[in-house]
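Only one structure is covered here, and it is reproduced in the block below.
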There are 2 protein chains.
Amino acid sequence: MARTVGSVGTKTFDEVRKAALYLFARHGYASVSMRQIAARVGVQAGAIYNHFPNKQALLSDLLTQHMRELIEACEARPTSKLPLNALEQFVRFHIRYHIDRADEVFIAYMELRNLEPENFREVQVLRQRYERVLRDILRDGAKAGAFEISDAPVAGMAIIAMLTGVNTWFRYGGRLSVSQIEEIYVKMVMQSVGVFEPTALLGALMEENA
Amino acid sequence: MARTVGSVGTKTFDEVRKAALYLFARHGYASVSMRQIAARVGVQAGAIYNHFPNKQALLSDLLTQHMRELIEACEARPTSKLPLNALEQFVRFHIRYHIDRADEVFIAYMELRNLEPENFREVQVLRQRYERVLRDILRDGAKAGAFEISDAPVAGMAIIAMLTGVNTWFRYGGRLSVSQIEEIYVKMVMQSVGVFEPTALLGALMEENA
DNA sequence: GTCTATAGATGGATAGAC
DNA sequence: GTCTATCCATCTATAGAC
C-alpha cells in the first residue's frame, strides 16, 4: 500500500513518514499541512506526491504500519504457558513498546477518526487482533482458575486502557525510570485480576474488620 | 468567558455549543467548519460570531465548562471516610459520569492539542484538580494500610485511564448494562489496589503451587 | 441577532520544466 | 524525483443591510 509510484525504499519516502509522524502527533492530522511536512523534510510540497498519492494515504500508511509492527513485536515476545506468567509478560511488553513508540501509539488512537472508512476498518482489524492476545490470556487464565475476573472482554479493555495510559503522562527524565514504571504496572495488573502477594492480604483484612 | 457579546442565556448560544460538541466529537475540531456548525443549528456561519468571538473560544468554552461541571458533580458525590468505600464511590461516580457525558469526555481528551496555550493551561489545572481527588484517596488509603500500592500518583493515573477507557468502547444496547459494567470496574479497581474478596485468594494460591 | 456578501488566507493536489 | 507555478476549493472572520 505504501510505496505507490516507482519509489521503493527511497530516503525521502522514509523522511516524509517520519516528519508526518512527528507533526501529526503534536498538532493532529487535520491541523498539519502538506507544506509543513515538506518543509520539515526539506523539500517542496509537490515532492511528497511522488511517494504518497494523497494526505490520507500517508496517515493510513503510518497507522497500519504501526499496527503491523506492534503485532509482529508482540508475537516475538517471550511467552509462558502459565497464565499468570503470560499475563506478566504481556504487560511488560505492552508498557515497553508503548513507551518506546510514543508518537505512533498516540496517533493510532487519536487519528482513527480521520481515516476514511476502508482504511479505518483495516486498522480496526489489526487492533482487534492485538487485543485478542490479551483477552485469550485472560480467558484461559480464568478458566484455569488463575484469575479472578468477572468478564474477560471488559477486563481486557480495562487493562489495555490502563497500560496505554502511560503514553499520556510518561516523559523521559521524570521521577521514575521505565523499569520502575513497568514494575508498578505489572503489580497493579496482576492484582486487578486477583493475583497478589501475601502481604496485600493483611491490609485488606484489617480494613474489612475495622 | 463564554457569553461574549450581549447574549446571556440565548437559545442560539446553547444550540451552537451543542452542535459544536456533537461535531467536534465525531470529526475533530480541526475538521469541522463554522459553516457545518451553523448548518446544524439552522443559522448562517456569521451568526455564531454573535455568541463566540472565534472558533477557538468555542472549543475552549466546551472544555473548561465540561471540566467545571465534572468537578462540581464530583464534589457532590457520596463520600465515605473509610478509604475502601471512598474509592468504590469514586469509581462508581467516574464510570457513570463518563458514560453519561461521552462526547464531552471524548473531546476533553482528544482536542487538548488544539487549545491555545492559555486555554490549555486552564483546562490542565482543572484536570489536575480532579485527578487529585483520586490520588488523595489512594494516598490516605495506603497510609492507613487499606491499599497495597507501590506509588499513589502512578496508581491514580492508571486507574483514571482504566476507567476513562470505557468511553472508547461502551455503546448503549450492548452486551452489558451500565450497572453490570460499573460492577466489573469496581471489582477490578479494588483488586488493583489490593482489596479483594476471599474467593480470589484460592485461585491465586493454587496457581502459585501449581 | 441574523442575514448576505466578501475579504483575505490557506489548504490539497496537479502540470510541466528540468 | 524535485522544482516552480498555479488551479480551485474551502476556511475563518468581518462589514453592513435589515
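Here is how names work: the chains are called A, B, and so on, in the same order as the sequence lines, proteins then strands, and each is numbered from 1.
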**OP:** Under 4.0 Å from any atom of DNA chain C, heavy atoms only: list the residues of residues 35-43 of chain A that qualify, in numerical order.
**Re:** A:Arg35
Original post:
D:dT12 P sits how many Å from B:Asn114 CG, rounded?
Top reply: 12 Å
**OP:** Give the rounded distance in Å between these two atoms: CG of B:Asn54 and C1' of D:dC11.
**Re:** 14 Å
**OP:** Answer yes when A:Glu111 and B:Arg113 have at least one side-chain N-carboxylate O distance shorter than 4.0 Å, and no when they do not.
**Re:** yes
**OP:** Take the protein atom NZ of B:Lys55 and the nucleotide atom C1' of D:dT14, then report the distance between them rounded to whole Å.
**Re:** 17 Å
**OP:** Can you tell me the distance, in whole Å, between the CD atom of B:Gln56 and the C1' atom of D:dT12?
**Re:** 13 Å
**OP:** Check the pair B:Leu176, B:Ile184 against side-chain contact (heavy atoms from CB on, under 4.5 Å), reporting the backbone distance first and the verdict last.
**Re:** CA-CA 10 Å; B:Leu176 301 167; B:Ile184 293 169; 3.9 Å; yes
Original post:
Does a side-chain N or O from A:Ser33 land closer than 4.0 Å to OP1 or OP2 of C:dT10, or not?
Top reply: no
**OP:** Output yes when at least one side-chain N/O atom of B:Thr10 is less than 4.0 Å from OP1 or OP2 of C:dG1, else no.
**Re:** yes
Subject >> Length of the line joining A:His51:NE2 and D:dG1:C1', which is rounded to integer Å >> reply: 6 Å
Original post:
Does A:Gln44 make a side-chain N or O approach to OP1 or OP2 of D:dC3 shorter than 4.0 Å?
Top reply: no
Original post:
How close or far is atom P of C:dA5 from atom CE of B:Met34, stated in whole angstroms?
Top reply: 20 Å
Using distance only, find each side-chain donor-acceptor pair of residues 155-166 of chain A under 3.5 Å and give its atom names and separation, not counting sequence neighbours.
from, atom 1, to, atom 2, distance (Å)
A:Thr164, OG1, A:His94, NE2, 2.9
A:Thr164, OG1, A:Ile160, O, 2.7

Subject >> N-O pairing of B:Arg17 and B:Asp14 below 4.0 Å >> reply: no
Original post:
Got a second to check how far B:Leu82's CG is from B:Glu88's CD, nearest 0.5 Å?
Top reply: 10.5 Å
**OP:** Report yes if some heavy atom in the side chain of A:Met190 is under 4.5 Å from a heavy atom in the side chain of A:Leu84; otherwise report no.
**Re:** yes
